[in-house]
Participant: 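One structure, as structure tokens, below. Some questions next.
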Amino acid sequence: MTRLSEAQVAARPLLLVVGPTAVGKSEIALALAQTLGTEILTADSRQVFRGLDVGTDKPPVESRGGVPHRLIDLAEPDQPFNAGAFRRHALVEIERLYGEKRVPLVVGGTGLYVRALVRGLCDVPETDLPTRARLIEQARRQGRAFMYQELQRVDPATAKRIHPNDEPKILRALEIYQRSGKRLSEIQDHHRFGDDTFTSLIVGLTRERGALYRRIEVRVEHLFARGLVEETRRLLAQGYSRESAAMKGLGYRQVAGLLAGEYGLEEAVRLLKRDTKRFAKRQMTWFRKEPHVEWMSIQEHESATTVAERIARRAEDFLAHLADSHSAQVVVEGR
RNA sequence: GCCGAGGUAGCUCAGUUGGCAGAGCACAGCCCUGAAAAGGCUGGUGUCGACAGUUCGAUUCUGUCCCUCGGCA
């Protein structure tokens, strides 16, 4: 059990455990949270949706070992949720934990959410659904190339950063321009992920690729065994369309195709295994270039508790130095 | 044993009238500022079964051998 000192709280420490899907984050984080006497703040763009349980591999309440899991079940599957909303919710939980002298532990695989928390988001208008719907409709009628030309006209610098085929990003940039009259490129150049709200220790978990892929295959088999098909059928029956953000997630997308009769069970399993591996690869690419990640490689025989102990030792060290540097700073200020 | 078909990328296969080997899938590398488990970009990874012959040059033609599949025995 770790209680932070006033000086440590003042330094605003943040502990983050990141890594690709199926690397073993959840189990390790649970042991780590128990050791540190804190809670788990999940940074996961799909676990925020209520009812997406099996497919997102959300830890069932009975296997959470008494550790509260926050930042999950925040929205209905058809409600909008995004990185900004995640950041706002996370900041509330983090302040509460500081008040309780506990170190916040953020665990997740959604790179953008982690980055939004650690380094902030630039000051752009909140997503506006009517505007977005209008732009999507316009893109459907006039074509993606037209929308891209439009972006080139109003914000050439952003157009240069976005590929002409990347429709969601083109539309988002246009949306920002229409809503604020400002160019996204200028807002971004001003921000540059420069927020520095916390003193962060980011631990990145990895495994040898073949081992990770084998774990993904096993997980996918488990998801089907635990009722992924039934869960998807239920969500569709509740009226959540295949087009909603929640249902476009891994698992639901592939099973929706199965339920629509586009292919059989075996193919659905194959597709989900393939797509999950591709996703893990994209996560690795993202986190590899995230600054200040301390990488920790997990061996195949290693237990979650062993890894959690390694992280806990590193975290204690991090917190101890935090107190040092902060008191040093106090001395300097006092002169 | 005989007859037939085949052996080219991780898989399924195309192809070269003899001139740097190519598709799909799989895979790899990468991008990302409120949709991010989304969306997008790039890349061929090869002893063309083996050995010999013909040729300036053989994955391609010829011969021998090996292997796989089917049919007949």
Side-chain angles (χ1 to χ4, degrees), chain A residues 20-22 25 42-49 52 55-58 75 77-90 108-129 131-133 135-136 139 144 148 157-158 160-173 175-176 179-180 182-195 209-210 213 216 219-220 223 228 242-255 267 270-290:
Chain A
T21 186
K25 292 187 298 294
T42 303
D44 186 303
S45 69
R46 303 296 141 156
Q47 290 194 18
V48 301
F49 293 114
L52 273 64
T56 62
D57 211 25
K58 200 181 285 173
D78 57 350
Q79 287 177 334
F81 196 90
N82 55 45
F86 171 79
R87 181 175 159 83
R88 281 191 296 279
H89 279 97
T110 301
L112 180 62
Y113 285 13
V114 170
R115 186 180 290 176
L117 183 58
V118 173
R119 298 161 65 195
L121 286 167
C122 60
D123 183 22
V124 293
E126 177 71 29
T127 303
D128 181 68
L129 291 178
T131 309
R132 171 170 299 174
L135 285 165
I136 290 173
R144 184 182 295 160
Y148 187 71
T158 297
K160 232 173 164 173
R161 291 174 197 175
I162 300 175
H163 192 277
N165 289 341
D166 200 345
E167 188 165 307
K169 292 196 182 78
I170 296 169
L171 299 188
R172 170 68 181 150
E175 177 190 327
I176 287 166
R179 299 263 300 156
S180 69
K182 291 180 192 154
R183 298 190 180 93
L184 176 61
S185 53
E186 287 167 11
I187 303 170
Q188 287 180 345
D189 288 345
H190 186 253
H191 182 260
R192 307 288 287 271
F193 285 112
D195 288 15
R209 174 136 342 160
Y213 280 8
I216 286 173
R219 162 175 296 186
V220 167
L223 296 184
L228 175 61
R242 287 178 74 176
E243 297 311 308
S244 66
M247 297 305 284
K248 274 164 88 175
L250 284 173
Y252 305 102
R253 179 166 23 116
Q254 292 80 3
V255 172
E267 177 67 358
R270 187 189 73 82
L271 289 174
L272 182 52
K273 286 176 179 175
R274 181 196 69 182
D275 293 344
T276 306
K277 288 173 195 171
R278 288 177 175 176
F279 169 55
K281 201 158 134 2
R282 266 182 283 133
Q283 288 176 300
M284 290 302 296
T285 301
W286 179 285
F287 287 122
R288 260 200 297 266
K289 72 157 225 176
E290 192 69 19

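Fair warning: this is a prediction, and the values are worked out from it, not measured in the lab. These values consider heavy atoms only, across backbone and side chains, with no hydrogens, waters or symmetry-generated copies. In the text below, chain A, chain B and the rest are named by the order of the sequence lines, each starting its count at 1.
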Participant: Is there a side-chain polar atom (N or O) of Asn165(A) under 4.0 Å from OP1 or OP2 of rC41(B)?
Facilitator: yes
Participant: Hey, is the side chain of Lys169(A) pairing donor to acceptor with the base of rG39(B) inside 3.5 Å?
Facilitator: yes
Participant: Over how many whole Å does the gap from Arg282(A) atom CZ to rC32(B) atom C1' extend?
Facilitator: 11 Å
Participant: Do we see a donor-acceptor contact under 3.5 Å between the side chains of Thr21(A) and Arg219(A)?
Facilitator: yes
Participant: Starting from C1' on rG34(B), measure out to CG on Leu112(A) and report it in whole angstrom.
Facilitator: 8 Å
Participant: Quick test of the criterion, 5.5 Å between centres and less than 30° between planes. Is Phe193(A) stacked on rU33(B) or not?
Facilitator: yes
Participant: To the nearest 0.5 angstrom, please state how far the CD atom of Glu175(A) sits from the CG atom of Leu184(A).
Facilitator: 10.5 Å
Participant: Asn82(A) CG to rG39(B) P: how many Å, rounded?
Facilitator: 17 Å
Participant: Are any of Arg288(A)'s side-chain N or O atoms less than 4.0 Å away from OP1 or OP2 of rC30(B)?
Facilitator: yes
Participant: About how many Å separate OG1 of Thr110(A) and CG of Leu117(A), when rounded to the nearest 0.5 Å?
Facilitator: 12.0 Å
Participant: Just to confirm, is there a sub-4.0 Å distance from OP1 or OP2 of rG29(B) to any side-chain nitrogen or oxygen of Arg209(A)?
Facilitator: yes
Participant: For residues 120-129 of chain A, please give each side-chain donor-acceptor pair under 3.5 Å, one per line with the distance, not counting sequence neighbours.
Facilitator:
unit_1: Glu126(A); atom_1: OE2; unit_2: Asn82(A); atom_2: ND2; d: 3.4
unit_1: Asp128(A); atom_1: OD2; unit_2: Thr131(A); atom_2: N; d: 3.0
unit_1: Asp128(A); atom_1: OD2; unit_2: Thr131(A); atom_2: OG1; d: 2.3

Participant: Can a side chain N or O of Thr110(A) be found less than 4.0 Å away from OP1 or OP2 on rA36(B)?
Facilitator: no
Participant: Is the Phe81(A) ring parallel, tilted or perpendicular to the Phe49(A) ring (thresholds 30°, 60°)?
Facilitator: perpendicular
Participant: Is any NZ, NE, NH1 or NH2 atom of the basic residue among Lys25(A) and Asp44(A) found under 4.0 Å from an Asp or Glu carboxylate oxygen of the other?
Facilitator: no
Participant: Output the rounded distance in Å from NZ (Lys281(A)) to P (rU42(B)).
Facilitator: 15 Å
Participant: In Å and rounded to the nearest 0.5 Å, what is the CZ to CG distance from Arg144(A) to Asp166(A)?
Facilitator: 8.5 Å
Participant: Could you tell me how far apart Tyr252(A) (OH) and rA38(B) (C1') are, to the nearest whole angstrom?
Facilitator: 15 Å
Participant: Can you tell me, in whole Å, how much space there is between the C1' of rC56(B) and that of rG18(B)?
Facilitator: 12 Å
Participant: Whole Å only: how far is the CZ atom of Arg172(A) from the C1' atom of rA36(B)?
Facilitator: 13 Å
Participant: Quote, to the nearest angstrom, the P distance that separates rC13(B) from rC31(B).
Facilitator: 37 Å
Participant: Let me know the distance between CZ of Phe86(A) and P of rA35(B), rounded to the nearest Å.
Facilitator: 15 Å
Participant: Can you tell me how far C1' in rG57(B) sits from the matching atom in rA14(B), rounded to whole Å?
Facilitator: 24 Å
Participant: State the dot-bracket string of RNA chain B. Criteria: Watson-Crick or G-U wobble, both atom distances under 3.5 angstrom; notation: ( ) intrastrand, [ ] crossing earlier pairs, | interstrand, . unpaired.
Facilitator: (((((((..((((.....[..))))((((((.......))))).)...(((((..]....)))))))))))).
Participant: In whole angstrom, give the distance that lies between atom CG of Asp166(A) and atom C1' of rU42(B).
Facilitator: 14 Å
Participant: Using the P atom as the point on both nucleotides, what is the distance between rG22(B) and rG46(B), in whole Å?
Facilitator: 14 Å
